[in-house]
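Here the structure is laid out as C-alpha cells; the discussion comes afterwards.
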Amino acid sequence: MKKSTNVKLTGFLCAAAMMATGMAHAQEPADYGRLSGSFETNTIWYMQDSVIYNLSNPLPKDRFGSNNYLKLDYTRGKFSAGVQGELYAPVLSGYQNQFQGGKITNKYASWTDDNFFVTVGDFYDQYGSGLIFRAYEDRALGMNSSVEGVRAGMNIGDIFAIRAMLGRPRLYMEYAPSWLRGADATLALSSIFGFKSQYLALEGSFLSQYDAARLNITNNAGEHILSSDMSAWSARMVYEAAGFSGRVELVGKTPGYYMVDGDNVPYFGRAQLIELGYSGHGWGISLTGRNVEHMEMKLTESSDLKYSGTGNVLNYIPALTRQYTYSLANLDPFQVKTKGERAAQMDVFYNIRRGSSLGGRYGTKLHVNASVIYQPKDVFYLFDAPEDAKQMNFAYLDASFDFEKQWNKKFKTTFLFAFQRMMGEERTTVPINRYVFALDGLYKFNTRHSLRLELQYLLSPFVKDQTSDGITVQERLDDKRNNGDWWAAQLEYSFAPVFSVFVSDMYNFQYEKVHYYNVGVSYTKSRTRIALSYGRNRAGFVCSGGVCRQMPGYTGFNLSLTTSF
C-alpha cells in the first residue's frame with residue numbers, strides 16, 4: 001500500500017509539473033536558448049620550387065596540409081556550454097607534428113551569476129600579466145594550453161574578487177602529465193576607502209604544479225635536484241586616476257633547472273614588471289620595464305617527444321618590443337630568453353588636433369616607440385662560458401617613428417622609419433644594424449572602391465674588413481640575420497565590402513636575389529570571409545602578441561575560410 005501511494009504521489013507531482021510548464025509556455029514564448037558557432041580552415045597545397053626546398057627544408061611528404069577548427073556554443077540565461085573540434089589533415093608545415101588527426105579537444109559547461117561563476121571542462125585564464133600562468137589559444141602560433149578541470153570564482157560587491165582552479169593543461173592533442181592548482185584575488189582598496197575618482201587595488205596569485213617528471217632531473221653526480229611540486233606567486237598593485245595608470249608586479253618561483261658548464265643546476269626564478277601610462281589631451285604615453293631571471297616554466301618536464309616543442313609553455317613572457325605589421329621591420333623579431341633579460345619599452349602617441357597649422361583640416365597622428373634589451377652572455381653559451389658571462393650585455397635595440405596624415409577625404413598616408421640594432425648569432429659577430437623605411441598610401445575613389453600602395457626598403461650595412469674579434473667577412477655574411485638589403489612592395493585594390501585583390505613581392509637584391517612574390521583575392525559576405533593566394537613565402541617567424549614560431553619557407557596555394565553563425 002505504501003509503495004502504491006508513493007507511485008501515485010510521484011505521478012501526481014509529475015503531472016502537476018507538466019501542467020505548470022504548459023501554463024508557463026502558454027503565457028510566455030518558449031526560451032530554447034541560443035546556439036552560435038564558428039568554423040575556420042587554413043589549407044595549403046605545396047608546390048615544387050627548387051629555390052625554397054633543399055636538404056634543410058624539404059618539400060613536405062604530403063604536399064597538402066590543412067588545419068581546421070569548429071566551435072559550437074550554447075547559452076540559455078546564466079548557463080552556457082560548448083565544444084571545439086579540430087582536424088589536422090595533415091597539419092600545416094611549421095606547426096608541431098603532434099597535431100594529428102581529428103578530435104574533440106575542448107568542452108565546457110558554465111554557470112555565471114552576478115557574483116559567482118563555475119566552469120567544468122576546458123577553460124582559459126591568466127594571472128596578472130601572465131608571468132606565472134596563462135592558458136590561451138592562438139591558432140596562428142599553434143598554441144592551445146587550455147586547462148581541463150574546474151574553475152570557480154566569486155565577487156563580494158566591488159571590494160573583493162577571487163577565483164580558483166584545479167585541472168590538467170592541454171598539450172597539443174593530449175593533456176600534459178601534470179596537475180595545476182591556482183588562485184587569483186583582487187582587493188579594491190579604493191572601494192574600501194571610498195575613493196570616487198581613483199582606483200587602487202592589491203592583487204595576488206598563487207600557482208602550484210605537480211609534475212612527477214621533475215623527479216627525473218638529476219645532475220652529473222646522479223643527485224635529484226628538483227621536487228615533484230613547483231610553486232609560483234605574483235603580487236601586484238594597480239593605480240588609476242585622471243588619465244594616469246600604474247602597475248607593479250613582483251614574481252617568484254621555486255627552482256627550475258638550467259645547464260651550466262655541462263651540468264644541470266637548479267635556480268630560483270624571479271621577475272619584476274612595472275608599467276606606467278598616461279592618456280589625455282591628445283597624448284598617449286606608456287613606459288614598461290621588466291626584469292626576468294630563470295623564469296622558464298613548462299607544462300611538463302617529461303622527456304617524451306610527444307610533449308616537446310614550442311607549445312610546452314606554462315607562462316607568458318612576450319618580447320618587450322614593438323609588434324610591426326610591415327614585413328621588413330618584422331624580418332627577424334626579437335626572441336625572449338627566459339633565462340635572463342632586462343628590457344624597457346616606451347610608446348608615445350600624439351594626435352595633433354584638427355585645424356592647427358600642423359594638424360591640418362583632418363589632423364595628424366604621431367607615434368614614437370623605443371625598446372632596449374640586455375641579457376647575460378651565458379644566455380647563449382652552454383659550455384665554456386666566458387668569465388664575464390653573468391654580466392648584463394646589450395642584446396637588442398629598436399627605435400621607430402611613424403606618422404599618419406589624412407590629406408583630404410580621399411587620400412591618407414603613413415610613413416615609418418625604424419632603426420634596429422641586434423647582436424649576431426651566438427654573439428660571435430659585431431652587432432647588426434638595420435634601417436627600415438616604409439610608405440603606405442590609401443586612396444578612396446568612392447565609398448566602395450579604394451587603392452592601397454605599400455613600399456618598404458631595408459638597409460643593412462656592414463664593415464667590409466675583418467672584425468675586431470677575428471671573424472672573417474664570409475663568416476659574418478653567413479650569419480643568418482645579416483643577409484643584406486631588401487625592398488618590398490604591395491598593391492591592393494578593394495571593392496568594399498565584398499572583394500579585395502592584392503599583389504606583393506619581397507626581394508633581397510644584395511645576396512639572396514630571390515623574389516618572394518604573392519598574389520591573392522578575398523571575398524567577404526556577411527560573417528564569412530574566404531581568401532585564396534599563391535606565392536613564395538620566405539622562411540622566418542610568424543608572431544602574435546609578442547610570441548613567435550619558426551616557419552619554413554614554402555611555395556604554394558593558400559586557402560583560408562572563416563565564418564561565424
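Since this is a predicted model, take the numbers as computed values, not measurements.
- Rounding to the nearest 0.5 Å places CH2 of W487 at 9.5 Å from CG of L455.
- Using a cutoff of 4.0 Å between basic side-chain nitrogens and carboxylate oxygens, R421 and D398 are not scored as salt-bridged.
- Between the side chains of S110 and T119, at least one donor N or O sits under 3.5 Å from an acceptor N or O.
- Judged purely by atom type and a 3.5 angstrom limit, E203 has no side-chain atom pairing as donor or acceptor with the backbone of S205.
- Note that CG of L328 and CD of E454 are 8.5 Å apart. Values are rounded to the nearest 0.5 Å.
- Distance check: L366 CG to F403 CZ gives 8.0 Å after rounding to the nearest 0.5 Å.
- A donor-acceptor contact shorter than 3.5 Å is absent between the side chain of R151 and the backbone of F123.
- In this structure, CG in L273 is found 7.0 Å from OG1 in T288, a value given to the nearest 0.5 Å.
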| request: Verify side-chain contact (heavy atoms from CB on, under 4.5 Å) between I373 and T321, making sure each step is shown before the conclusion. | output: CA-CA 9 Å; I373 300 171; T321 57; 3.8 Å; yes

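- Remark: side-chain polar atoms of K405 are paired, donor with acceptor, to backbone N or O of G359 under 3.5 angstrom.
- Here the side chain of N144 pairs a donor or acceptor atom with the backbone of S146 at under 3.5 angstrom.
- Aromatic ring pairs are classed by plane angle as parallel below 30°, tilted from 30° to 60° and perpendicular above 60°; the pair Y534 and Y517 is tilted.
- Under the 3.5 Å distance criterion, with hydrogens and angles disregarded, no donor-acceptor pair is assigned to the side chains of T75 and S80.
- The distance from the CG atom of N155 to the CG atom of N115 is 5.5 Å, given to the nearest 0.5 Å.
- Of the N and O atoms on the side chains of N369 and Y324, not one donor lies less than 3.5 Å from an acceptor on the other residue.
- By the 4.0 Å N-to-carboxylate-O rule, R434 lies close enough to D332 to be salt-bridged with it.
- Not counting sequence neighbours, Y124 has no partner by the ring-ring contact (aromatic ring centres under 6.0 Å, His included) test.
- Counting heavy atoms from C-beta outward, I132 and K253 have side chains that stay 4.5 Å or more apart.
- Look at E249 and R247 and you find no salt bridge, because none of the NZ, NE, NH1 or NH2 atoms lies under 4.0 Å from a carboxylate O.
- No donor-acceptor distance shorter than 3.5 angstrom exists from the side chain of N351 to the backbone of R353, with no hydrogens or angles considered.
- Judged as a ring-ring contact (aromatic ring centres under 6.0 Å, His included), and not counting sequence neighbours, W233 has no contacts.
- Ring centroid separation for the pair Y443 and F445 comes in under the 6.0 Å cut-off.
- The closest side-chain donor-acceptor pair between Q456 and Q490, if any, does not fall under 3.5 angstrom.
- Judged by distance alone, with hydrogens and angles left aside, the side-chain atoms of D485 form a donor-acceptor pair with the main-chain N or O of S460 at under 3.5 Å.
- Salt-bridge check for R236 with D184: passed, with a basic side-chain N closer than 4.0 Å to an acidic carboxylate O.
- Q335 places a side-chain N or O within donor-acceptor distance of the main-chain N or O of P333, the cut-off being under 3.5 Å.
- For F401 and F417, the gap between ring centers reaches or exceeds 6.0 Å.
- Here the side chain of E404 pairs no donor or acceptor atom with the backbone of K365 at under 3.5 angstrom.
- Using modelled atom types and a 3.5 Å distance limit, the side chains of S526 and T528 yield no donor-acceptor pair.
- The residues R322 and D402 are annotated as salt-bridged, a charged nitrogen and a carboxylate oxygen being separated by less than 4.0 angstrom.
- N408 and Q406 form no side-chain donor-acceptor contact under 3.5 Å, judged by distance and modelled atom types alone.
- The aromatic rings of F509 and Y457 sit parallel, their planes meeting at an angle under 30°, below the 60° perpendicular limit.
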| request: List the steps and the verdict of side chain to side chain donor-acceptor pair (under 3.5 Å) for N68 and T41. | output: CA-CA 4 Å; N68 304 273; T41 180; 2.6 Å; yes

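- Going from atom CD1 of I274 over to atom CZ of R290 covers 14.0 Å, rounded to the nearest 0.5 Å.
- A cation-pi geometry, defined here as NZ or CZ lying under 6.0 Å from the six-membered ring centre and within 45° of its normal, does not hold between R134 and Y127.
- Remark: K339 does not engage E296 in a salt bridge, criterion side-chain N to carboxylate O under 4.0 Å.
- The ring of H449 has its center closer than 6.0 angstrom to the ring center of F495.
- For the pair D505 (side chain) and N518 (backbone), a donor-acceptor distance under 3.5 Å is absent.
- At least one donor-acceptor pair under 3.5 Å links the side chain of N315 to the backbone N or O of L131.
- Classification of the Y136-Y316 ring pair by plane angle, with boundaries at 30° and 60°, yields perpendicular.
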